[in-house]
Number of protein chains: 2
Amino acid sequence: MSHAQLAYRLLMGTKKISTEEKIKVAASKVFLKKGFSSARTRDIAEEADINIALLNYYFRSKQKLFDLVMYEKVQKLFGKISPIMRDNTTSLGKKIQLATTEYIDTLSETPGLAIFILNEVYKNNYDIVPNMKLARKATKSSLFKQVKEIRKDMDPFQLVVTLAGMIIFPFVAKPMLKLTANLSEKTFQKLMQERKVLIPIWMKAILKSKS
Amino acid sequence: MSHAQLAYRLLMGTKKISTEEKIKVAASKVFLKKGFSSARTRDIAEEADINIALLNYYFRSKQKLFDLVMYEKVQKLFGKISPIMRDNTTSLGKKIQLATTEYIDTLSETPGLAIFILNEVYKNNYDIVPNMKLARKATKSSLFKQVKEIRKDMDPFQLVVTLAGMIIFPFVAKPMLKLTANLSEKTFQKLMQERKVLIPIWMKAILKSKS
DNA sequence: GTCTATAAGGGGATAGAC
DNA sequence: GTCTATCCCCTTATAGAC
């Protein structure tokens with residue numbers, strides 16, 4: 001048993017970190033960093049401190065393990081926000097504020113999450129459709145109506161895309177931004193926190209803009 | 001000689017499409033679609049209608065060919081816009097309008113360009129720093145000063161990132177947007193054209209927003 | 001310059017011992 | 001359940017004929 005496992009057992013009682021869980025955590029980390037095609041099962045095995053045979057014993061193949069990780073990441077990204085967007089009792093302004101805060105927190109905590117999902121969907125390693133059915137209904141139902149109520153001349157799609165871009169883009173472009181603007185990790189994180197305040201203000205301004 | 005080559009020769013006179021050029025065009029296409037690690041030299045050779053040996057004869061290795069393609073793509077994305085941003089005689093509003101139009105045209109013409117560059121930089125297959133030196137100077141010099149003149153309480157970085165997000169994000173998220181909003185390619189392109197008008201209006205609204 | 005054939009090695013997956 | 005050893009395909013790159 002490793003030191004980490006021992007410490008964990010002492011803290012959590014008799015509960016043991018299952019090998020299956022160890023592999024999934026390691027896979028999460030490696031896939032997120034390298035993407036499907038650059039990640040090697042050997043990397044994952046090493047990260048999990050086991051061997052490749054064991055990986056195949058539990059998950060049958062690299063692809064199946066990837067599918068599992070991908071599903072969890074999509075849930076992580078859309079799980080919290082979907083019900084908020086569906087809720088008719090939450091105002092549009094409040095939704096914008098909640099989405100901004102929620103996403104910036106999630107993306108700050110998990111570097112690489114956004115570009116990972118976007119890229120894997122782009123490269124067709126993963127068919128995201130089944131997981132997106134809910135999100136699709138959500139935006140169509142409540143949110144779009146709310147936009148139309150405030151601005152019937154405005155395309156809700158364009159507005160939602162703009163909001164998503166404001167929130168997500170800096171995380172996707174993070175390495176480039178850090179290079180071009182010469183930012184430290186700490187400064188970057190501080191700037192992202194600032195955007196929690198800025199984005200709702202700016203969205204309000206957009207909603208009031210004359211077309 | 002292929003039909004395409006023959007037709008080209010007839011049009012352009014005696015000038016011949018060099019094998020080197022054929023390979024570079026094919027590599028461009030394959031790398032853009034699959035990324036460095038998923039692209040195989042065999043795919044490129046097939047696309048160029050030659051064999052792998054010839055690829056190595058001209059470019060020594062997959063990596064060297066990739067570096068070349070990457071350099072060209074970065075130029076394509078930043079080449080036109082950099083001098084505009086540097087120019088002191090162009091107003092901020094005009095710069096926003098030009099950047100919007102220019103980027104939307106480039107990204108519409110070359111599907112996958114944005115996510116390709118962002119992802120390869122993220123995955124560290126390419127050190128973009130040398131190419132970014134100019135762009136970095138550009139934004140720092142003229143553009144940032146212009147923002148400060150209009151709104152000295154506003155962080156130019158945040159504004160530029162927001163503009164970039166508005167323009168680039170929908171192209172990066174294209175497959176997901178098409179799925180979730182159930183858009184055809186034609187509808188997507190139409191929506192992107194609409195953004196040429198919307199984004200400058202919205203940026204104006206943001207610049208006038210009260211903090 | 002261009003081809004065929006092949007070397008050299010990487011990577012996913014499994015057999016079989018324990 | 002977990003390990004070692006190994007299989008076998010795929011991919012990059014090169015040798016050598018033409």
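Sequence lines set the chain letters: A, B, ... in the order given, protein chains first and strands last, and positions in each chain run from 1. On a predicted model such as this, the values are computed, not experimentally measured, just so you know.
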- [ ] Pick base, sugar-phosphate or nothing for A:Y58, based on heavy-atom distances below 4.0 Å to the nucleic acid.
- [x]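 The residue A:Y58 makes sugar-phosphate contact but no base contact.
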Task: Counterpart residues, side chain to side chain contact (heavy atoms under 4.5 Å, CB included), relative to A:T162 (two or more places apart) - done: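 Partners of A:T162 under the side chain to side chain contact (heavy atoms under 4.5 Å, CB included) test: A:M166, A:I206, B:M166, B:R195, B:W202.
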- [ ] Using chain A heavy atoms and a threshold of under 4.0 Å, write down where along DNA chain D the contacts begin and end, 5' to 3'.
- [x]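 Endpoints of the contacted stretch of DNA chain D: D:dG1 to D:dT4.
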Between the side chain of [X] and the main-chain N/O of [Y], is any donor-acceptor distance below 3.5 Å?
X	Y	result
A:K76	A:T106	no
B:E120	B:F36	yes
B:Y122	A:G112	yes

Task: side chain to side chain donor-acceptor pair (under 3.5 Å) involving A:K148 - partner list, sequence neighbours excluded - done: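 For A:K148 there are no side chain to side chain donor-acceptor pair (under 3.5 Å) partners, ignoring immediate neighbours.
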In whole Å, what is the span from the [atom1] atom of [X] to the [atom2] atom of [N]?
X	N	atom1	atom2	value
A:I52	C:dT14	CD1	C1'	11 Å
A:F66	C:dG12	CZ	P	13 Å
A:N51	C:dG11	CG	C1'	15 Å
A:K62	C:dG10	NZ	P	16 Å
A:Q63	C:dA13	CD	P	9 Å

TODO: Would you mind checking if A:E185 and A:K174 are paired as a salt bridge, meaning a charged N to carboxylate O distance below 4.0 Å?
DONE: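 Answer for the salt bridge query: yes.
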Open item on the list: Both A:R42 and A:I50 contact DNA chain D. Taking the nearest nucleotide for each, which residue is further toward the 5' end?
Closed with: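 In this pair, the answer is A:I50.
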Open item on the list: With a 3.5 Å cut-off and heavy atoms only, can you find an N or O donor on one side and an acceptor on the other between the side chain of A:R40 and the base of C:dG10?
Closed with: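 No pair found.
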